[in-house]
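Below: one structure, written as C-alpha cells.
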Amino acid sequence: MASAGVVRGLPSPLPLAGDADARPARGGWGLSPRYNSRREPPTPTLPRKREREPTADAVATPISYAIALMSQGRSPILELNQITKAFGGVEALRGVDFALHAGEIHGLVGENGAGKSTLMKIIAGVHPEFSGRFMLDGKETRFRSTRDAHAAGIGMVHQELSVAPDLTVAENVFLGNQPTNRLGFVQWRRMAREAGEQLSRFGIDVDPMTRLGDLPIGLQQLIEIARVLFSGARIIILDEPTSALSPPEVERLFATLHKLRNEGTSIVFISHFIEDILRVSDVVTVFRNGRKIAETASADTTKGALIEAMIGRGGEALEHSYTDDLMLPQSGAGAAVLKVDRLSLRRSLQDVSFEARAGEVLGIYGFMGCGQLELSRILFGKQRPDGGTLAVDGTARTFRSTAAARRAGVALVPESRRAMLFHQEPVYKNISISVLDRISALLLKPVRERAIAQRQVEQLQIRPPVVGLDLGMLSGGNQQKVALAKWLTYPPRLLVLCEPTRGMDVGAKNDVINIVRDLRAKGLAIIVLSTEPETVLSLADRILVLKRGAVVREFAGEAVSKDRLLEAA
Amino acid sequence: MASSDSATAPADHKRPRGLAPFLRSQMRNIAPFLTLIFLSAFFAIASPSFATIDNVGNILTQVSVTGIIAVGLTFVILCAEIDLSIASIANVTGIAVAYFTLQESYVNIANVPMPGIVAILLALALCALLGLVNALGLTMIGIPSFIMTLAMMQIAAGVSALLVRGQIAYKVPDLITTLGSGSIGGIPWIVIVAAVMLLGGHLVLTYTRFGRYVYMVGGNREAAEFAGLNVKLILGSVMVISAVCSGIGGMLGVAHFGSAQQNEFDTYLLDSIAAVVVGGTSLFGGRGGIGNTIVGLFVLGVLNNGLDHVNIDSFLKILIRGLILLAALIINVYAQRLREQAAD
Ligand SMILES: Nc1ncnc2c1ncn2[C@@H]1O[C@H](COP(=O)(O)OP(=O)(O)OP(=O)(O)O)[C@@H](O)[C@H]1O
Ligand SMILES: [Mg+2]
C-alpha cells in the first residue's frame with residue numbers, strides 16, 4: 001500500500017553555493033525600505049495555464065540573476081500595506097506591510113499563531129475580508145475568492161494538506177484543470193502520462209492512477225507541492241511545505257525552488273526550520289503577534305538573531321543544530337514495556353524487532369516511506385501485521401482495534417492533524433475525548449471536562465487559551481499541541497509519537513521536549529518516530545534507523561549526529 | 001430550539017466572534033426555523049381553518065409516527081451513515097405484533113396468538129435483530145450502509161409478505177392499541193410517546209458519553225479511531241437504535257391506522273429522512289440533533305397539513321413538497337460549506 005510510492009534518487013547538489021552575494025541586498029533589521037519607482041513593472045508574465053512544454057527543462061536563463069539584482073530597483077509585483085485582519089475579537093494581523101518581488105524567495109518566520117498563514121491566505125484569496133491596501137503589479141486589487149487569485153497567477157500550498165484523498169494521483173495533479181478532448185471528455189491516458197512525467201521530474205515515482213489517500217502523507221504533500229509548482233503560477237506560496245518531508249525530498253524541493261526563482265517566479269516560503277529558511281530564501285520577514293517585526297536579506301542575519309526576533313528574547317538556548325556529535329546516555333532504563341518481535345507487513349516492514357523500555361525515549365528515524373507510519377499503526381491496533389508478535393508489559397497482544405490498544409495502555413499521536421482532530425468541535429472536546437470513559441460512566445461531566453482541558457491548555461501554553469474555541473480556529477502549531485494534550489491527563493504505559501513537533505515553532509518544540517522528558521521521568525515508555533533528524537536527536541535516548549522496512553542501525557550509548565543518522569538511513 | 005449546541009452554550013459567550021460569523025455558523029439551525037415560521041404564517045393567512053387549536057392537534061398526531069422513526073434515524077445520520085430500511089422494519093414489526101395477536105375469525109392469516117406482552121416483546125426482538133444484521137453488515141463485513149440497508153429493506157419487506165401473505169390483520173395487543181389510537185385528557189397517546197422518545201433521544205445525544213461519541217464519530221471517524229474509541233461498536237449501536245425506533249413507530253402506526261398490511265409504511269422512508277435533513281442535521285455527520293429533527297418534523301407536518309387547507313391541485317402538492325425538500329438539501333450542503341469556511 002504505502003510502498004506504492006517509492007521516492008527515488010538522491011539529493012541533487014544545491015545550486016545555492018556561492019550565490020549568496022548575488023542575492024539582492026536589503027536593509028538590515030527594521031522596516032524594509034520601499035522601492036516605489038513609478039515605472040510600470042516589466043514583470044515577466046509566465047503563462048497562467050499549465051504549460052504543455054516541460055517548464056523545468058527549459059534552458060536555464062542567464063537573465064535570472066539579473067532579475068534578482070534588478071529587483072532592488074524595481075517595484076514589487078505584490079505589495080500589501082497596513083493589512084489588518086480580525087477573526088471576531090482576535091486580531092490575527094495588525095497593520096502589516098509586505099512586499100514580494102519578481103524572482104525572489106521570501107522566507108516567513110514567526111511563532112505559532114503569529115499570523116503567517118493568515119497573511120498568505122489573504123494573498124491567495126481565502127480570506128476576502130480584510131482592511132488595508134492590496135497591490136498586484138502596481139494596481140490596487142481585491143480578490144473575492146481563491147479562484148480570482150488563481151487567475152491572477154497565485155498558487156498556494158496550504159499548511160493543512162488540501163488534497164482530494166479519494167481521487168487518483170493524476171486527478172490531484174490536474175485538479176480542476178484536466179486535459180479534455182473536443183467533446184469535453186477527460187483524456188485519462190494523457191492525464192496519467194503527463195502527471196507521471198511531471199512527478200518524475202520532481203523525483204516522485206508513483207503510479208498516477210493510485211488513489212491518493214493510499215499514499216503516505218509525505219508523498220501526498222509532495223504531490224500537492226508539485227501540483228502548485230508546475231501549475232505555471234508566477235507567485236507561489238508554500239506554507240510549511242517541508243513538514244512531512246525527509247531530507248532528500250527537501251533537497252529536491254529546494255533545488256526546484258531555486259530553478260523557478262531563477263526563471264522569475266516569486267516564492268513565499270514559510271517554515272519553522274530556521275536553517276532551511278536561511279538557506280533557501282533571499283529575504284526573510286519575521287512576524288510576531290500579528291505584526292511584522294523585521295525584514296532582512298537572509299545573507300545579513302543569523303539563526304540566533306532570527307529566533308530572538310521571533311520570540312522577543314534571547315534565543316541561544318533554543319538554537320541547536322545537531323551537526324556536532326551528541327552522546328546518547330548509557331542505558332539506565334527500566335523494564336521493557338513493549339517487545340516487538342519480527343514484525344512484518346507486506347512490502348512495508350520486514351522482521352522488525354525491538355524493545356521500548358520504561359523511562360526511556362526510543363527514537364525511530366528513517367526517510368519517508370521507510371515503514372514508520374505502518375509501524376505506528378500496528379502498535380496502536382489500527383493495522384494488523386502479517387507476521388510477528390507484540391507484547392505489552394510481558395503479555396502477548398494482537399490488537400483488534402484501537403480501542404483494544406488503548407485499553408492495553410498504548411497511545412498514539414499520528415502525524416496528520418486532519419486525521420486526529422475534530423476541527424468543528426471545541427478544543428475541550430478534542431482534549432477530553434480520550435478520557436471520557438474515565439471521568440464519566442454514563443452522563444457527561446462538562447465542568448470536569450473543561451477543567452481537565454484548561455489544565456492541559458495552560459501546561460502546553462496553547463494559544464489562545466480558550467477551551468471553548470472551535471479547534472479549526474487555532475493556528476497549525478497550536479492544533480498540534482492539542483493533539484498531544486489529549487493523552488496527557490491519564491498518561492498511558494506506552495506513548496507513540498509520530499512527528500510530535502511538526503509545525504511547531506522553536507519555543508513550542510522546546511516545550512514538547514520538556515513535556516516528553518517529564519513523561520519519561522514518570523516512567524512511561526515513549527517512542528518517537530520522525531523523518532526529521534532534529535526531532536529524533538532532540539528527544540531520543542536510543543535511536544533505531546529504519547530503512548525500507550528493516551532496522552538497519554541502532555545507536556545506543558554512543559555518539560550520534562545528524563550526519564551519522566543521514567548516512568545510516 | 002434544543003440542539004446539540006445547547007449543552008455547550010456556556011462556551012459560546014467566550015467565543016470571540018462577531019454576530020455575522022455566529023449567524024453564519026448557525027445557519028443550519030436558523031434556516032429550518034425560519035422556513036417553519038414562514039410556512040406557518042403563510043398557511044395561517046391563506047386559510048382560516050389552519051391556525052386553530054384543533055388543527056395544531058392534527059398536525060402533532062400526523063407527525064407522530066414519523067417522529068418516532070426519525071429519532072433513531074437522527075443517530076444514524078449524525079454518524080454520517082444512512083438507514084433505508086426504516087420503513088420496511090416499521091412495517092414488519094407492526095405486522096409481527098399483529099401476527100402474534102389473536103385475530104378475528106374472518107382474518108385469514110396462519111398466525112400464532114400469544115399474550116399481549118409477549119407479542120410486543122417478540123416484535124421488538126425482531127426489529128432489534130434486523131437492526132443487528134444491519135450493524136454486522138456495516139461494521140464487520142464493511143458493506144456501506146446505503147447498500148446494506150437497501151438489502152435489509154427488501155429482506156424486511158419479504159418477511160412482512162410471508163407473514164401476512166397479502167391479507168390484512170386488524171388486532172394488536174391492547175397496550176399497543178391504547179398507545180397508538182387512544183388518548184388521555186384529550187391528548188393522543190401517540191403524541192405523548194413521540195414526545196417522550198424525542199426527548200429521550202435528545203437527552204442521550206446531549207448529556208451522555210454515548211451521545212458525544214456519536215457526534216465525534218460523525219465529525220471525523222478517523223480521528224475517533226485515533227482517539228481509541230470503539231467506532232464499530234458505536235456505528236453498530238446506532239443501527240440497532242434506528243431499527244428499534246422504527247419498530248416502535250411501526251407497532252404504534254399499525255394501531256393508529258387500524259390495520260396491518262404490506263407496504264403500509266412506504267411513504268415514511270422519505271418523510272423520516274426529509275424530517276431529519278430538512279431540520280438541518282448534516283448529511284456529512286457530526287452536526288445537528290434531535291432539536292433539528294423536531295423542527296424538520298414540523299416543517300413537513302405544516303406543509304402536508306397546510307396544503308390540505310388551501311385550494312391546490314392535489315397533484316401539484318407532490319411537486320411542491322419535492323421543491324421544498326430540494327431547497328432544504330441545498331441549505332444543508334451550503335450550511336456545511338459556510339461552517340467549514342468559518343473554521344478555516
Ligand atoms: N478561521 C479563524 N477563526 C478564528 N481565528 C483564527 C482563524 N484562523 C486563524 N485564527 C487565529 O489567528 C491567529 C493567527 O493564526 P495563523 O494561522 O495565521 O498563525 P501562523 O503564524 O500560521 O501559526 P502556525 O505557525 O502555528 O501555523 C491565531 O491566533 C489563530 O488562532
Ligand atoms: Mg500557519
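All chains are named by letter (A, B, ...) in the order of the sequence lines, taking the proteins before the strands, and each is independently numbered beginning at 1. Quick caveat, the model's predicted, so the values are computed rather than measured. Hydrogens, waters and symmetry mates are skipped; everything else that's a heavy atom, side chains included, is used.
Heavy-atom distances place the side chain of Ser432(A), and not its backbone, under 4.5 Å from chain B. Interface remark: Ala441(A) contributes backbone atoms only to the contact with chain B (heavy atom separation under 4.5 Å). For Ala405(A), no part sits under 4.5 Å from any heavy atom of chain B, backbone or side chain. With a 4.5 Å cut-off on non-hydrogen atoms, Gln159(A) does not touch chain B at all.
Atoms CZ and CZ, from Phe226(B) and Arg377(A) in turn, are 3.5 Å apart once rounded to the nearest 0.5 Å. With rounding to the nearest 0.5 angstrom, the CZ atom of Arg406(A) is 6.5 Å from the CG atom of Leu229(B). Rounding to the nearest 0.5 Å gives a distance of 5.0 Å between CG of Leu444(A) and CZ of Arg212(B). Here Asn430(A) contributes atom CG and Met216(B) contributes atom CE; the two are 5.5 Å apart, rounded to the nearest 0.5 Å. Note that CG of Asn230(B) and CG of Asp437(A) are 11.0 Å apart. Values are rounded to the nearest 0.5 Å.
With respect to chain B, the highest number of heavy-atom pairs below 4.5 Å among Pro464(A), Ser440(A), Ser401(A) belongs to Ser440(A).
Here the closest heavy-atom approach between residue Leu421(A) and residue Ala223(B) is recorded as N-CB, 3.7 Å. Closest non-hydrogen pair, Gly286(B) versus Glu425(A), comes out as O-OE2, 4.1 Å. Pairing each heavy atom of Ser434(A) with each of Ala227(B), the nearest pair is CB-O, 3.9 Å.
At a threshold of 4.5 Å between non-hydrogen side-chain atoms, the residues Tyr213(B) and Ile433(A) count as touching. Taking 4.5 Å as the limit, every side-chain heavy atom of Glu222(B) sits out of range of all side-chain heavy atoms of Pro414(A). Taking 4.5 Å as the limit, every side-chain heavy atom of Arg400(A) sits out of range of all side-chain heavy atoms of Lys232(B). Side-chain contact between Arg209(B) and Lys445(A) is absent, with no heavy-atom pair separated by less than 4.5 Å.
With Thr402(A) contributing its side chain and Glu225(B) its backbone, the two residues share a donor-acceptor pair below 3.5 Å.
By the 6.0 Å contact criterion, OH on Tyr490(A) is enclosed, its count of non-hydrogen atoms from other residues, nucleotides or ligands being greater than 12.
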